[in-house]
S.K.: 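One structure is given below, represented as structure tokens, and several questions about it will come after.
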Amino acid sequence: MKNFYLTTAIDYANGSPHIGHAYEKVLADAIIRSRRMEGVNCHFLTGLDEHGQKVQETATQRGMAPQDLCDLVAQDFQKLCSRLSIAYDDYVRTTQLRHRTVVQSMLLRLHAAGEIYKAPYRGLYSTRAERFVLERERVDGKWPDDIGDVVELEEENYFFKLSRYQGWLVEFLQKNVNFIIPSFRQRQVVEFLKEPLNDLCISRPKARLRWGIELPFDAGYVTYVWFDALVNYISAVGYGREDFFRNWPADLHVIGKDILVPAHAVYWPIILHAAGVELPKQILAHGWWLAKGGEKMSKSLGNVVKPLDYIDLYGPDAFRYFVLREMAVGQDSNFSHELFTARYQGDLANDLGNLLSRLVHMVRCYADGRFPTAWPAGPEELQLQNRATETIRLVRAFYQSLEFSSALGEIFSLLQETNRYAERRAPWKLAKRASCERELETALASMGEALRIAAILLTPAIPTAAQEILRQLGLPAVSNWLDLAWSNALDGKVVGEGTILFPRVEEAGALSPL
RNA sequence: CGCAGGAUGGAGCAGCUUGGUAGCUCGUCAGGCUCAUAACCUGAAGGUCGUUGGUUCAAAUCCAACUCCUGCACCCA
């Protein structure tokens with residue numbers, strides 16, 4: 001049986017992790033975890049793009065070998081993943097042998113098939129920036145300092161015959177209207193394809209760039225960017241091997257909207273098609289996190305969010321919850337300290353954490369720490385029970401269609417309903433009256449069952465906290481929700497030690513203002 | 001220029017495909033409760049749904065025009 005194969009974009013090794021990297025990993029991880037809860041076998045790939053001009057430059061500036069720099073950066077990114085509970089199965093690095101081999105075999109194959117040709121490239125070259133520059137990079141008619149003087153230069157390079165497949169791609173997109181989601185992104189691609197494509201320059205002479213994968217048919221060149229980076233999706237799962245098809249075609253590429261056009265929506269399908277490899281099934285282009293007020297985050301504005309700060313202070317689940325709850329997948333969203341703390345305090349600490357707290361406390365005080373058996377349900381219980389049943393149905397559907405914000409919204413509605421139920425039944429009052437034992441027992445059992453269901457449904461989004469809730473309810477972790485339904489699973493279970501799930505964070509000034 | 005997205009009570013959003021009393025979270029105000037992380041519950045105030053025009057018995061929702069914000073192949077999720 002083929003795995004559900006999901007990839008993220010691979011991060012570029014010239015830089016440190018920011019909220020965009022963190023978000024993409026969380027989104028991908030939540031998708032994977034929700035599929036696993038549905039009982040689907042999955043393969044989850046992420047990784048690092050290590051070649052290129054910038055990495056070479058940065059390494060030189062720091063007086064390091066490029067590979068050593070990449071090793072350090074890889075550690076940073078893997079640490080971010082581990083701090084965010086990202087359950088990837090494989091981490092690909094483009095300097096790995098398994099990757100280089102596949103890139104070269106792809107290039108060789110396409111070269112032999114006549115899809116790659118050599119041609120002169122003429123353009124304006126900046127010696128200082130060591131690259132070709134474009135007229136539109138001029139500022140007020142002058143070249144900026146980092147570019148300096150430019151000269152017209154002609155250079156031989158290799159080109160991939162992208163343009164000949166333009167018609168094919170347009171037709172493909174017409175036939176596969178759900179290839180790119182959200183759908184308006186696919187419309188953008190179609191629009192882009194109304195202009196004629198140029199062939200894709202895929203090489204750099206080693207005189208200018210050494211840090212790359214050598215062209216198998218010309219040792220004077222390395223391949224540049226896309227033929228290197230995109231190929232990770234197939235190199236990592238063993239393109240050319242028998243077991244390649246256990247994973248390929250990928251079910252979903254999760255990427256940011258910035259690398260949809262042209263890289264993933266144009267170059268990648270055409271590269272695969274030209275090489276005779278099946279296309280991925282779907283591409284999800286997510287939006288960007290904007291700073292307060294909808295400004296773009298940038299170092300110069302000083303409004304960049306460092307995800308690790310939030311993770312350190314509030315925990316990985318709080319970060320995961322915020323980004324999944326706040327962003328409608330595909331759209332842009334704002335990230336601000338105010339919005340974050342509102343979600344943390346209002347949803348996680350008050351609605352969820354406090355509900356668990358009060359319930360565990362009551363079970364301990366009124367039932368000797370053991371969940372009682374529910375008596376036949378009254379109207380209040382039926383209302384809660386119906387609500388929970390409906391929530392299970394809705395949430396599974398929302399996860400399936402990648403509507404995480406809506407899924408989480410539903411779960412928290414159930415939690416609010418449970419808080420309301422507690423208020424109506426008031427177990428603390430029942431406990432003080434004799435002859436109300438049945439009502440008390442039913443109330444505690446019902447609250448516990450609602451919370452159990454909520455916790456299981458929360459697993460893809462906040463795996464650690466979800467498991468902790470189950471532990472406090474006296475239950476083991478669950479690996480799928482195929483049979484999830486209102487039940488008596490809590491009967492007689494002994495509540496675990498109660499620790500505060502999402503403690504109030506008092507230090508308002510602990511983080512630098514955004 | 002063109003294309004795409006957005007414009008909904010103080011803030012952040014949903015609703016728009018398949019027109020029919022404008023919804024959610026936070027905030028504000030008043031009240032309740034006391035099992036709980038000063039938490040939980042109830043109620044209230046607050047919006048002519050960017051502008052103008054059209055279709056319709058009826059428009060946030062469909063159509064047209066316009067305004068403003070954002071993005072559009074160096075890099076960047």
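Values reported hereafter were calculated over all heavy atoms of this structure, with side chains retained and with hydrogens, waters and symmetry mates removed.
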S.K.: Checking Pro269(A) now: which residues fulfil side chain to side chain contact (heavy atoms under 4.5 Å, CB included) with it, not counting sequence neighbours?
M.R.: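 So Pro269(A) forms a side chain to side chain contact (heavy atoms under 4.5 Å, CB included) with Trp168(A), Leu169(A), Phe179(A), Leu279(A).
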S.K.: Pick the C1' atom in rG6(B) and in rC16(B), then give their distance to the nearest Å.
M.R.: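 Comparing C1' positions in rG6(B) and rC16(B) gives a spacing of 14 Å.
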S.K.: Does this structure show an ion pair linking Glu57(A) with Lys54(A), if we count only N-O contacts that are shorter than 4.0 Å?
M.R.: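 Judged by the 4.0 Å cut-off on N to carboxylate O distance, Glu57(A) and Lys54(A) do not form a salt bridge.
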S.K.: Quick test: give all pairs of protein nitrogen or oxygen and nucleotides 3-5 of chain B nitrogen or oxygen below 3.5 Å, distance rounded to 0.1 Å.
M.R.:
from   : atom 1 : to        : atom 2 : distance (Å)
rG5(B) : OP1    : Arg187(A) : NH1    : 3.1

S.K.: Rounded to whole angstrom, note down the P distance from rG9(B) over to rC24(B).
M.R.: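 My reading of the P atoms in rG9(B) and rC24(B) gives 15 Å.
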S.K.: Could I get the full list of side chain to side chain contact (heavy atoms under 4.5 Å, CB included) partners for Ala455(A), not counting sequence neighbours?
M.R.: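 Once residues adjacent in sequence are excluded, the partners of Ala455(A) under the side chain to side chain contact (heavy atoms under 4.5 Å, CB included) criterion are Ile469(A), Leu470(A).
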S.K.: For RNA chain B, report each stem as range with range, ordered by first number, or say none. Use Watson-Crick or G-U wobble pairs under 3.5 Å, at least 3 in a row.
M.R.: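 Output for stems: B:2-7 with B:67-72, B:10-13 with B:23-26, B:28-32 with B:40-44, B:50-54 with B:62-66.
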S.K.: Using atom P of each nucleotide, how far apart are rG47(B) and rG23(B) to the nearest Å?
M.R.: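 Rounded to whole Å, the distance is 14 Å.
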S.K.: Tell me what Lys194(A) touches on the nucleic acid: a base, only sugar-phosphate, or nothing, going by heavy atoms under 4.0 Å.
M.R.: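 The residue Lys194(A) makes no contact with any strand.
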S.K.: With sequence neighbours excluded, tell me which residues meet ring-ring contact (aromatic ring centres under 6.0 Å, His included) with Tyr88(A).
M.R.: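 ring-ring contact (aromatic ring centres under 6.0 Å, His included) list for Tyr88(A), sorted by chain: Tyr91(A).
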S.K.: At under 4.0 Å, does any side-chain N or O of Asn350(A) touch on OP1 or OP2 of rA38(B)?
M.R.: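 No, because none of the side-chain N or O atoms of Asn350(A) sits under 4.0 Å from OP1 or OP2 of rA38(B).
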S.K.: Using side chain to side chain contact (heavy atoms under 4.5 Å, CB included) as the criterion, list what pairs up with Asp317(A), not counting sequence neighbours.
M.R.: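 With sequence neighbours excluded, Asp317(A) shows a side chain to side chain contact (heavy atoms under 4.5 Å, CB included) to Arg320(A), Ile462(A), Pro463(A), Thr464(A), Ala465(A), Phe502(A), given in chain and number order.
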S.K.: If we take the P atom in both rC13(B) and rU70(B), what is their distance in whole Å?
M.R.: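 After rounding to an integer number of Å, I get 15 Å for this pair.
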S.K.: Please state the C1' separation for the pair rC41(B) and rC68(B) - nearest whole angstrom.
M.R.: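 Each nucleotide's C1' atom is 42 Å from the other's.
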S.K.: Using heavy atoms and a sub-4.0 Å distance, could you list which residues of residues 407-415 of chain A are near RNA chain B? By number, please.
M.R.: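 By residue number: none to list.
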S.K.: Going by side chain to side chain donor-acceptor pair (under 3.5 Å), name the pairs with one or both residues in residues 404-421 of chain A, residues two or more places apart or in two chains.
M.R.: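 Every side chain to side chain donor-acceptor pair (under 3.5 Å) pair that includes a residue of residues 404-421 of chain A, provided the two are not neighbours, is Arg325(A)-Ser405(A), Asp351(A)-Gln416(A), Arg358(A)-Asn419(A), Glu381(A)-Tyr421(A), Gln383(A)-Glu417(A), Glu417(A)-Arg420(A), Glu417(A)-Arg424(A).
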S.K.: Between His286(A) (side chain) and Gln331(A) (backbone), is there a donor-acceptor pair under 3.5 Å?
M.R.: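 No; zero donor-acceptor contacts below 3.5 Å.
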S.K.: Phe340(A) vs Phe322(A) aromatic rings, parallel, tilted or perpendicular, using cut-offs 30° and 60°?
M.R.: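 If you compare the ring of Phe340(A) with that of Phe322(A), the planes turn out tilted.
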S.K.: Taking atom P in both rG50(B) and rG10(B), what distance in whole Å separates the two?
M.R.: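 Here rG50(B) and rG10(B) have their P atoms 13 Å from each other.
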S.K.: For RNA chain B, which residues of residues 353-372 of chain A approach it to below 4.0 angstrom with any heavy atom?
M.R.: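 Only Gly353(A), Asn354(A), Ser357(A), Arg358(A), His361(A), Met362(A), Tyr366(A) qualify.
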S.K.: In whole angstrom, what separates Glu338(A)'s CD from rC13(B)'s P?
M.R.: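 Checked: the CD to P distance equals 13 Å.
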S.K.: Checking ring pair (Phe, Tyr, Trp, His ring centres under 6.0 Å) between Tyr233(A) and each of Trp226(A), Trp268(A), Tyr5(A), which is the one that passes?
M.R.: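 Going through the options one by one, the only one that passes is Trp268(A).
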S.K.: Pairs in or reaching into residues 438-448 of chain A: which pass side chain to side chain donor-acceptor pair (under 3.5 Å), with residues at least two apart or in two chains?
M.R.: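 Qualifying pairs, neighbours excluded: Trp375(A)-Glu441(A).
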S.K.: Taking only nitrogen or oxygen atoms into account, show me every contact under 3.5 Å that the protein makes with nucleotides 23-29 of chain B, one pair per line with its distance.
M.R.:
none

S.K.: Considering only the C1' atoms, how many Å lie between rU56(B) and rG20(B), rounded to the nearest integer?
M.R.: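 Going atom to atom, C1' in each nucleotide, I get 12 Å.
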S.K.: What protein N or O atoms touch nucleotides 75-77 of chain B N or O atoms at under 3.5 angstrom, if any, and at what distances?
M.R.:
from    : atom 1 : to        : atom 2 : distance (Å)
rA77(B) : OP1    : His21(A)  : NE2    : 2.8
rA77(B) : O3'    : Gly256(A) : N      : 3.3
rA77(B) : O3'    : Asp258(A) : OD1    : 3.4
rA77(B) : O2'    : Glu24(A)  : OE1    : 2.5
rA77(B) : O2'    : Gly256(A) : N      : 3.0
rA77(B) : O2'    : His286(A) : NE2    : 2.4
rA77(B) : N1     : Trp289(A) : N      : 2.7

